[in-house]
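So the structure is just underneath, and the comments pick up after that.
Every chain is numbered from 1, with letters handed out A, B, ... down the list of sequences.
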Amino acid sequence: MEDTDVVVFWGSNAREAHPIFFHHAMKGIRAGARCFVVDPRRTGTAEWAEGHLPLRVGTDIELAHTLAREIIHAGLVHEAFVQNATEGFEAFRAHVEPWTLARGEEVTGVPAARIRQLAHALGTAERAQICWTLGITEHHNGVDNVLSLINLALLRGHVGRQGSGLNPLRGQNNVQGGGDMGALPHKLPGFQDVENDAARARYDALWGCKVPPKKGWHLTEMFEAMRAEALKSLLIIGENPAQSEADAGHIRKLLTTRDILVVSDIFMTRTAEIADVVFPASASWVESDGTVTNSERRVQRCRKALDPPGEARDDIWILAELSRRLGRDWGHPTPRELWEEMRSLSPLHGGMSWERLSEGEGIQWPCPTEGHPGSVVLHDRLWAQPRQGRAAPFSCTVGEGPVDELTPEYPMRLTTGRRLDEFNTGVQTGQYANPMRRRETVELCPADLAAMGVADGDTVRVTSRRASVLAMARADERLSPGLAFMTYHDPDDIDTNLLTIEATDPKAGTAEFKATAIRVEPLGAHGHPPDQHAPHA
Amino acid sequence: MDIHPISTPPTPDEVEAVASVVGPAGPLVGPEGLPATEARRHLLLPVLHALQARVGWISPGGLGEACRRLHVPPAEAYGVASFYALFSTTPRPPRVVHVCDDVVCAARGAGAVCAALETKLGPAGSGEGATWLRSPCLGLCEAPVAAMVTVAGKAPEEASWSVRGSAEEAAAELAAVVGGASAPAREEARVRQPREGLRLLRRVGVVDPTSLDAYRATGGYRALERALQMGNDAVIAEVTASRLMGRGGAAFPTGRKWAAVASQPARPHWLVCNADESEPGTFKDRVLMEGDPFALVESLTIAGLATGCELGIVYLRAEYPLAHARVQGAIDAARAAGLLGANVAGSGRAFDLEIRRGAGAYICGEETALFASIEGFRGEPRSKPPFPVEVGVFGKPTLINNVETMMNVPAIVLGGGAAFSEVGTAGSTGTRLFCLSGHVRLPGIYEVPFGTSLRALIDLAGGVPEGRSLRAVLLGGAAGTFVGPEELDVPLTFEDTRRIGATLGSGVVVCFDDTTAMMPVLQRIASFFRDESCGQCVPCRVGTVRQEELLARLANRRPHGGLPAEQEMYRELSQCMRDASICGLGQTASSAVESGLKRFAGLWEGA
Amino acid sequence: MKLVPLEIDGQAIEVPEGSTILDAARELGVDTPTLCWASTLTPVNVCRVCVVELEGARTLVPSCARQVEPGMKVLTDSERVRTSRKVVLELLSSSVDTSTAPTLRAFAARYGATPGRFGPVAPPAGLNERDAARAGHHHSSDGACAESVHQPRKVDNQLYIRDYGKCITCYKCVEACGTDAQNTFAIAVAGRGFEARISTEYNVPLPDSACVYCGNCINVCPTGALMFKSEADLRDAGNWREADQTTTRTICPYCGVGCTLELTVQDNRIVRVMSPPEVSVTQGNLCVKGRFGVTYVHGNEPAGE
């Protein structure tokens with residue numbers, strides 16, 4: 001980030017959601033990098049940008065296409081890179097051809113001049129970083145959104161080089177590591193395909209068992225399966241779907257009607273409260289040893305600093321005991337033993353010995369051998385002459401707009417996000433003496449408030465097609481007309497996810513948290529609604 | 001920048017004051033990138049001046065408005081506002097009379113005047129609609145006791161003048177001004193020596209300083225014309241040949257500085273004129289700016305064009321309202337006559353000037369602190385190297401010279417460097433202005449060739465008053481040294497004064513007769529440095545406090561651990577301040593005190 | 001990379017262009033004291049404890065900021081250097097509460113500083129009294145006591161305290177809050193001279209300021225003037241027991257950036273969270289969640305009880 005010419009934050013409020021990453025971006029910006037932010041809200045991140053593109057929620061693909069067409073028409077395509085490293089350019093060129101600046105402005109709401117400015121910044125920069133977060137992925141077509149950003153990077157070769165890249169900023173400390181370790185329905189540890197017989201055979205051999213040859217369900221499919229009563233029992237580890245999932249009321253009903261629901265968590269979460277069995281777990285980052293992988297693919301060591309309270313047990317111990325009682329005794333392997341076994345199976349991690357990970361600040365994969373320093377830059381193969389591996393494809397994605405349509409009955413768009421001092425459903429951040437903590441509110445632009453006859457600080461009812469919640473309205477001039485903002489940091493008080501829609505991306509299974517159709521009605525009262533907070537059991 | 005705003009709203013007056021500098025308030029300006037937003041910061045000091053002049057203090061609401069319009073974080077803006085003595089960050093009456101009690105005025109009775117005023121009006125700072133405050137040197141040392149009045153409001157006023165008469169009479173006059181009377185008109189600065197041979201002062205007191213025609217009629221703008229014919233390199237060559245040395249105190253060869261700036265590839269180049277004359281006892285630049293402002297404008301135009309600058313900034317201390325008006329008038333008249341602007345004197349080349357005012361901070365006379373102040377930061381000196389010729393104001397190559405240095409330029413251009421250097425000595429060419437004050441019969445500004453003896457200079461000013469004898473001369477100002485009667489034959493050159501461990505500094509010559517108690521003089525100097533230290537580096541920030549404490553103990557005859565221990569402590573303290581301070585302020589803050597303690601018998605024993 | 005030859009204490013050395021004298025001295029194993037310098041911050045060279053003697057220079061030069069030039073001859077332990085370092089440390093020790101500044105105290109001992117020679121330390125100022133000082137005005141003392149910055153600590157939130165009686169005005173917190181890391185600018189230096197102090201705008205309490213409680217100022221504070229409240233409370237209770245503490249590095253449990261946390265644990269409780277400056281991801285910095293929001297592992301109660 002420090003060595004780049006252009007930084008684009010697209011659907012990412014890194015200033016608040018990834019503060020330390022933003023430090024690195026600021027170093028680049030202070031060294032002269034131009035910063036652009038694509039976000040419906042003028043976020044703290046946008047305040048640092050040269051250009052803010054406040055697009056209508058859910059028009060990311062159209063905006064990307066307009067940018068692409070402008071780059072192409074301005075003659076700014078990196079011809080040599082496109083030739084060498086990509087495929088499908090001609091089809092893509094034709095696909096985006098209708099996306100003139102004028103049409104882009106009409107559809108996305110972003111002034112054409114600003115679209116042009118970003119297009120030319122990307123098109124003329126030697127190096128550029130495109131960063132995104134949930135503003136891109138938490139849509140029913142999140143994967144297509146990502147593919148559209150990849151198209152932009154491919155046009156100028158903003159990938160695979162120092163100072164250039166596509167950066168999905170992970171929201172949680174081990175999202176990446178979970179994938180690394182095979183916590184995906186279709187992957188084995190090290191991203192090896194579960195349906196690849198040769199790969200699976202190596203695991204079978206080492207584990208002395210048969211790995212199921214078909215991919216499993218991702219989260220959304222699991223809920224589908226619950227609905228269809230194909231999935232009757234669950235073990236949930238360190239997740240609070242009763243509050244974190246969209247359309248939470250419906251999810252809670254599914255969870256409560258399982259044959260057996262087992263929850264392993266460090267807290268008695270709402271999900272744990274409805275479980276049949278709860279395993280008190282240790283906090284993996286501080287009460288046990290292990291690793292996580294961060295957004296830059298760096299495998300990092302977590303270390304035990306505290307003894308877990310009471311009867312809480314390490315996750316590994318819990319799983320091993322469960323296995324033993326289910327008839328398969330794994331013994332009680334140490335984190336180190338498990339790591340060494342994992343890296344013997346995963347070429348990406350092959351060179352990361354436990355010692356190496358423990359000595360330094362971690363290693364970025366791929367790291368195939370112990371002599372390998374790890375990889376700062378990924379996809380540099382695209383720049384090799386001749387290119388190594390397969391070509392990077394352009395994708396002819398089609399914007400569809402949010403599933404939850406705006407109608408006269410539900411005329412406003414609600415989007416959600418994270419605040420600096422809070423985290424997800426507040427299970428963790430609800431418990432420190434945070435001087436910035438405040439009751440959750442629904443934020444609207446002053447003009448909308450005025451039009452509704454609502455004063456800053458009045459109590460309002462927010463209603464979606466699924467539910468209603470009460471909240472205090474707050475004026476925020478960083479929002480555009482028709483846009484409302486809420487977080488789901490304190491669901492015990494204001495359960496925002498009762499409102500959101502469980503329309504999910506077919507490939508990733510991510511729900512469209514970012515685009516809910518709502519209406520806001522005044523209640524004739526002022527201030528926060530009565531505390532809806534119910535203390536945890 | 002995602003700035004956390006100050007929640008207090010501004011008053012309409014404050015909104016207007018800020019807009020008077022920044023422009024009318026439109027809708028909140030959207031993001032436009034870091035370089036653009038941070039580029040507005042240089043307007044912070046002018047905006048703070050506007051607020052102070054409008055409402056009499058920098059209120060949270062006013063500062064918040066400034067921050068919102070300029071994209072400056074409130075804590076930083078407060079850090080800047082609270083740095084300057086002429087800004088108040090707490091409510092202060094709109095009408096304030098500042099009474100100088102610094103070294104020279106103190107030697108001429110300021111203490112008694114302030115005491116009498118205190119009896120009349122209560123202690124400094126008290127009062128509802130109006131108040132009075134003590135002030136460091138106001139640069140009217142030729143006519144003590146100096147005072148300045150500032151009145152905030154829709155039509156703000158400011159004026160400085162000399163208070164005359166007995167302590168009682170002076171206090172009555174001051175009290176009347178505090179009470180709403182206009183400040184008495186000030187006499188024009190005058191030259192009290194024969195006019196023959198004057199270079200820098202030749203127009204002062206005889207040519208109308210407000211008239212461009214009068215200036216032209218006395219040879220004005222011939223040098224610019226000549227310079228444009230000669231070309232940049234030739235102008236710089238003549239300045240180099242003149243062996244002109246900077247008159248600000250550091251005595252750096254001016255030609256070398258010009259050549260260095262001219263050769264820098266980075267653009268833009270900036271010209272800065274240091275008119276922040278704040279050394280106690282110094283008033284020569286004030287006299288030049290009040291008495292011959294067009295000469296300064298012409299000099300700066302020549303310098304700016306020769307070194308590739310398109311814009312120059314005159315950084316002028318706020319305690320000089322008349323000089324401000326005169327120089328601003330000269331700039332405006334020159335611009336109207338096509339002598340500044342996009343096409344200087346028809347040359348097709350652009351150069352313009354802008355005045356930026358200080359706000360009561362001696363340290364801002366230090367060149368890098370001055371740059372910081374212009375840029376909208378606290379006036380804290382920066383490390384050198386890099387030197388201003390490479391990295392100066394706004395990080396760009398900068399030519400900075402003080403007023404007197406610059407005013408030598410027309411003569412050099414017209415007469416040639418060689419002719420210029422025929423006056424003075426080999427190592428110190430030309431003439432030099434000296435500010436004579438204290439116990440002399442004819443205090444004022446004197447221009448003499450380098451090499452004139454200190455004795456001859458004091459004689460020129462009429463010597464010490466009848467029946468008194470000279471105890472000492474403070475040469476070079478508060479950052480200078482004390483010179484005794486036995487050293488009066490020292491030729492006033494850079495090299496000769498250096499030989500006796502003294503310095504010409506800014507040309508200050510304060511005479512003290514045999515009736516003067518020297519300890520209070522040293523204490524006032526120590527107090528001055530403590531007040532004026534920027535506070536950045538430890539040797540100066542704490543050292544100036546320890547120095548003042550030591551003098552208080554000596555005055556009270558209560559040394560810690562015996563005199564030898566105190567002497568050893570002070571030897572090390574002054575060495576550390578001299579050796580380890582960042583800038584010239586700290587490095588010289590012990591100079592006069594140390595030389596005084598050495599020179600005046602009995603001070604260590606509290607005499 | 002171009003190498004620059006120079007000589008330090010008679011030893012020849014070559015270091016990369018752009019290095020400082022401090023870098024070169026450390027390369028040679030010369031132990032140079034620093035207070036306001038940090039690897040992650042732009043040098044401000046204000047403490048002057050790292051000054052060295054440079055041949056040809058009129059004054060001593062700050063080794064932390066002065067870049068090497070070919071042929072420099074540097075003395076790091078001459079009489080001039082030792083005297084200035086000693087006096088600087090005396091000036092600081094006589095005006096600041098150094099009770100939680102072991103590094104400064106060790107330097108003072110090394111250079112034989114005797115801060116007592118300026119007299120007994122003056123009594124502390126009242127709360128917020130120093131914040132009301134006006135630039136260019138002070139009350140002259142009678143010299144019987146050495147004036148100091150001692151004053152009551154500011155406690156305006158439950159996360160960290162500001163004990164400006166311990167502040168040496170090294171600017172590190174301002175830099176960390178500003179352009180060198182956080183870019184929040186909640187604090188700046190206000191006032192001037194001996195009355196210069198670290199302040200929010202108009203000295204407003206932190207909850208009314210721009211502060212986002214990242215604690216990056218605590219991470220760089222060399223004297224304990226900025227301190228976790230949990231640490232300050234334990235110290236007040238006489239229960240801060242370094243011998244019974246462990247320090248463990250792990251990874252922050254929140255977002256995906258992967259910040260290294262250095263946890264100080266006493267009695268199986270996290271009592272302080274720091275961030276090692278040499279780790280490339282964090283460079284000594286954290287956000288409020290990593291700094292303070294990790295005590296959730298102890299349940300919903302303030303740390304330190």
Quick check on the interface: out of [options], who has the most heavy-atom pairs with chain B under 4.5 Å?
options: C:Ser199, C:Gly136, C:Cys170; value: C:Gly136
options: C:Ala196, C:Ser95, C:Ala186, C:Ala146; value: C:Ala146
options: C:Ala133, C:Ala188, C:Ala135; value: C:Ala135

Per-residue contact mode, [X] against chain B (heavy atom under 4.5 angstrom):
X: C:Leu91; answer: both
X: C:Val51; answer: side chain
X: C:Pro43; answer: neither
X: C:Ser94; answer: both
X: C:Ser141; answer: both
X: C:Cys145; answer: backbone
X: C:Ala144; answer: backbone

Problem - Candidate list C:Asn45, C:Val46, C:Val61, test side-chain contact (heavy atoms from CB on, under 4.5 Å), partner B:Ser383, passing option - result: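 When C:Asn45, C:Val46, C:Val61 are each tested with B:Ser383, the side-chain contact (heavy atoms from CB on, under 4.5 Å) holds only for C:Asn45.
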Practice task
Among B:His560, B:Arg546, B:Glu566, find the residue that satisfies the side-chain contact (heavy atoms from CB on, under 4.5 Å) test when tested with C:Phe118.
Solution key: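 Of the listed residues B:His560, B:Arg546, B:Glu566, the side-chain contact (heavy atoms from CB on, under 4.5 Å) partner of C:Phe118 is B:Arg546.
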With a 4.5 angstrom heavy-atom cut-off, is it the side chain or the backbone of [X] that approaches chain C, or both, or neither?
X: B:Phe83; answer: both
X: B:Ile3; answer: neither
X: B:Ser135; answer: neither
X: B:Asp579; answer: both
X: B:Ser59; answer: backbone
X: B:Arg578; answer: backbone
X: B:Ala361; answer: both
X: B:Leu550; answer: neither
X: B:Gln587; answer: side chain

Exercise for the section: Identify the residues of residues 75-86 of chain C whose heavy atoms come closer than 4.5 Å to a heavy atom of chain B, ordered by number, or report 'none'. Expected result: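 Within residues 75-86 of chain C, the residues that come under 4.5 Å of chain B (heavy atoms only) are C:Glu79, C:Arg80, C:Thr83, C:Ser84, C:Lys86.
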Practice task
Can you run down the salt bridge (charged side-chain N to carboxylate O under 4.0 Å, His left out) pairs that involve residues 195-212 of chain C, sequence neighbours left out, and say none if there aren't any?
Solution key: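 Salt bridge (charged side-chain N to carboxylate O under 4.0 Å, His left out) check on residues 195-212 of chain C returns B:Arg530-C:Glu195.
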Handout entry: Selection residues 170-192 of chain C - residue pairs positive for salt bridge (charged side-chain N to carboxylate O under 4.0 Å, His left out), sequence neighbours left out
Key =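 Matches after skipping sequence neighbours: B:Glu532-C:Arg192.
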Check: [X] side chain, [Y] main-chain N or O, donor-acceptor pair, under 3.5 Å:
X: B:Glu549; Y: C:Glu147; answer: yes
X: B:Ser533; Y: C:Gly193; answer: no
X: B:Arg378; Y: C:Gly191; answer: yes

Exercise for the section: List the steps and the verdict of side chain to side chain contact (heavy atoms under 4.5 Å, CB included) for C:Arg134 and B:Leu133. Expected result: CA-CA 12 Å; C:Arg134 284 190 294 138; B:Leu133 294 172; 3.4 Å; yes
Can you confirm whether [X] sits close enough to [Y] that some side-chain heavy atom of one is under 4.5 Å from a side-chain heavy atom of the other?
X: B:Glu548; Y: C:His138; result: yes
X: C:Arg66; Y: B:Pro385; result: yes
X: B:Cys576; Y: C:Val88; result: yes

Exercise for the section: Please identify each residue that fulfils ring-ring contact (aromatic ring centres under 6.0 Å, His included) with C:Phe194, with sequence neighbours left out. Expected result: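 Not a single residue meets the ring-ring contact (aromatic ring centres under 6.0 Å, His included) criterion with C:Phe194.
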Of all of [options], which one pairs up most often with chain C through heavy atoms under 4.5 Å apart?
options: B:Gly360, B:Pro60, B:Gly535, B:Gly125; value: B:Pro60
options: B:Thr90, B:Leu63, B:Val80, B:Leu86; value: B:Leu63
options: B:Ser88, B:Ser581, B:Ala555, B:Pro136; value: B:Ser581

Problem - Step-by-step side chain to side chain contact (heavy atoms under 4.5 Å, CB included) determination, B:Glu572 to C:Arg117 - result: CA-CA 12 Å; B:Glu572 293 189 347; C:Arg117 59 179 171 160; 2.5 Å; yes
Exercise for the section: Return yes if a side-chain donor-acceptor contact under 3.5 Å exists between B:Gln523 and C:Ser140, otherwise no. Expected result: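 Distance-only check fails for B:Gln523 and C:Ser140.
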Exercise for the section: Applying side chain to side chain contact (heavy atoms under 4.5 Å, CB included), run through B:Ile6 and C:Tyr202 and close with a yes or a no. Expected result: CA-CA 10 Å; B:Ile6 291 182; C:Tyr202 296 93; 4.3 Å; yes
Exercise for the section: With rounding to the nearest 0.5 Å, note down the distance linking CG in C:Asn183 to CG in B:Asp2. Expected result: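 Nearest 0.5 Å value for the CG-CG distance: 8.5 Å.
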Practice task
Enter the distance from C:Asp142:CG to B:Arg558:CZ here, rounded to the nearest 0.5 Å.
Solution key: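 Result: 7.5 Å between the selected atoms.
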Exercise for the section: Give the intermediate values and the outcome of side chain to side chain contact (heavy atoms under 4.5 Å, CB included) for residues B:His4 and C:Ser209. Expected result: CA-CA 7 Å; B:His4 182 272; C:Ser209 78; 5.6 Å; no
